[in-house]
Amino acid sequence: MGLNSILDTKTAIKELEANIDLQKGIATAKDVAFATTKTRIAAKGAINLNNQSFDNFYIGLLDANNCAKYSQKIEGSLTNPKIQITQTAVKTAINLATSLLDRVAKGAKTLAEPITKQGENCKPFYNGAVKHPKK
């Protein structure tokens, strides 16, 4: 499952930032992100243009606290990228399953509460110019 399965297939980009540093054939994402009316996605890491490969490159679906609710590591070549599910994705799935089971046990009155509590203890994935969409 990739980020494309989480997002709507037709979404207008409302804000875009693409600040990339190019040194000796290595394109490093300094501030790369975009926002729609509902979501914000950022990238970090680099692309080595010399050998056409990803270098510690991640894409994250962000929450209002700049933390990745879901992230993927992309490695390999530009022509044959490999997408890795990160620990954030696994934690999100576990938190979701645990939270849903807990809510079923407590009853329907708690269903309106947030499903995940990750934002309270997260490490920010992104701190750039693109702001989280307003609700």
Side-chain angles (χ1 to χ4, degrees):
M1 178 171 92
L3 289 175
N4 58 339
S5 63
I6 294 174
L7 305 174
D8 295 336
T9 55
K10 293 182 182 179
T11 304
I13 294 175
K14 300 295 183 185
E15 187 176 359
L16 172 69
E17 181 73 25
N19 182 350
I20 299 168
D21 181 39
L22 183 58
Q23 297 286 325
K24 298 182 181 178
I26 308 227
T28 303
K30 294 295 186 188
D31 185 356
V32 177
F34 70 89
T36 68
T37 56
K38 298 179 184 178
T39 60
R40 184 171 52 139
I41 294 178
K44 63 182 184 178
I47 297 175
N48 186 326
L49 300 173
N50 299 312
N51 64 11
Q52 301 283 303
S53 66
F54 292 96
D55 184 14
N56 206 28
F57 194 83
Y58 293 85
I59 295 177
L61 177 66
L62 307 175
D63 65 14
N65 297 317
N66 295 326
C67 299
K69 293 190 293 187
Y70 185 86
S71 66
Q72 292 181 319
K73 182 176 185 180
I74 302 174
E75 48 190 23
S77 69
L78 297 180
T79 57
N80 190 21
K82 306 284 188 248
I83 297 174
Q84 303 288 323
I85 296 176
T86 63
Q87 192 173 12
T88 302
V90 173
K91 285 181 183 177
T92 299
I94 291 169
N95 286 345
L96 178 61
T98 303
S99 183
L100 288 174
L101 290 173
D102 188 46
R103 278 170 180 60
V104 168
K106 289 182 180 178
K109 67 181 180 177
T110 61
L111 284 176
E113 294 176 21
I115 292 177
T116 64
K117 297 175 181 140
Q118 179 184 346
E120 298 168 4
N121 301 326
C122 71
K123 178 181 175 187
F125 182 92
Y126 175 76
N127 286 309
V130 177
K131 301 302 177 211
H132 197 69
K134 294 184 178 19
K135 292 183 180 181

Item checked: Flag, side chain of N50 to backbone of K24, donor-acceptor distance under 3.5 Å -> yes
Margin query: Quick one: does any side-chain atom of R40 pair with a main-chain N or O of V130 as donor and acceptor, under 3.5 Å?
Written below: yes
Next item on the list: Mark yes or no: K44 above the aromatic ring of F125, with NZ or CZ under 6.0 Å from the six-membered ring centre and no more than 45 degrees from the axis.
Entry: yes
Check: Quick one: do L22 and I47 end up in the same hydrophobic cluster if we chain Ile, Leu, Val, Met, Phe, Trp and Tyr together by side-chain heavy atoms under 4.5 Å apart?
Finding: yes
Note to self: For the CD1 atom of I26 and the CG atom of N48, what is their distance to the nearest 0.5 Å?
What the structure shows: 4.0 Å
Next item on the list: Enter the distance from K14:NZ to F34:CZ here, rounded to the nearest 0.5 Å.
Entry: 13.0 Å
Next item on the list: Determine, stepwise, if the pair Q84 / E75 fulfils side chain to side chain donor-acceptor pair (under 3.5 Å).
Entry: CA-CA 8 Å; Q84 303 288 323; E75 48 190 23; 3.2 Å; yes
Check: Hey, what do you get for SG (C122) to CG (L62), rounding to the nearest 0.5 Å?
Finding: 10.0 Å
Check: Nearest 0.5 Å, what's the OG1-CD1 distance between T39 and I13?
Finding: 9.0 Å
Check: Does N19 use its side chain to pair, donor to acceptor, with the backbone of V32 at less than 3.5 Å?
Finding: no
Item checked: Between OG1 on residue T79 and CD on residue Q52, distance to nearest 0.5 Å -> 7.5 Å
Check: Shortest non-hydrogen contact from A35 to K131?
Finding: CB-O, 4.0 Å
Check: What heavy-atom pair brings S53 and L78 nearest, and what distance separates the two atoms?
Finding: N-CG, 4.2 Å
Note to self: Looking at every non-hydrogen atom in both residues, tell me the closest pair between F54 and P81 and how far apart they are.
What the structure shows: CE1-CB, 3.7 Å
Next item on the list: State, yes or no, whether a side-chain contact exists between I41 and I59 at a heavy-atom distance under 4.5 Å.
Entry: yes
Margin query: Keeping D63 on the side-chain end and C67 on the backbone end, is there a donor-acceptor pair under 3.5 Å?
Written below: yes
Note to self: Looking at every heavy atom in both A68 and S71, which two are closest together, and how far apart are they?
What the structure shows: CB-CB, 4.0 Å
Item checked: Heavy-atom check, side chain of D31 versus side chain of Y126, under 4.5 Å -> yes
Check: Atom CD1 of I74 and atom OH of Y58: how far apart are they, to the nearest 0.5 Å?
Finding: 11.0 Å
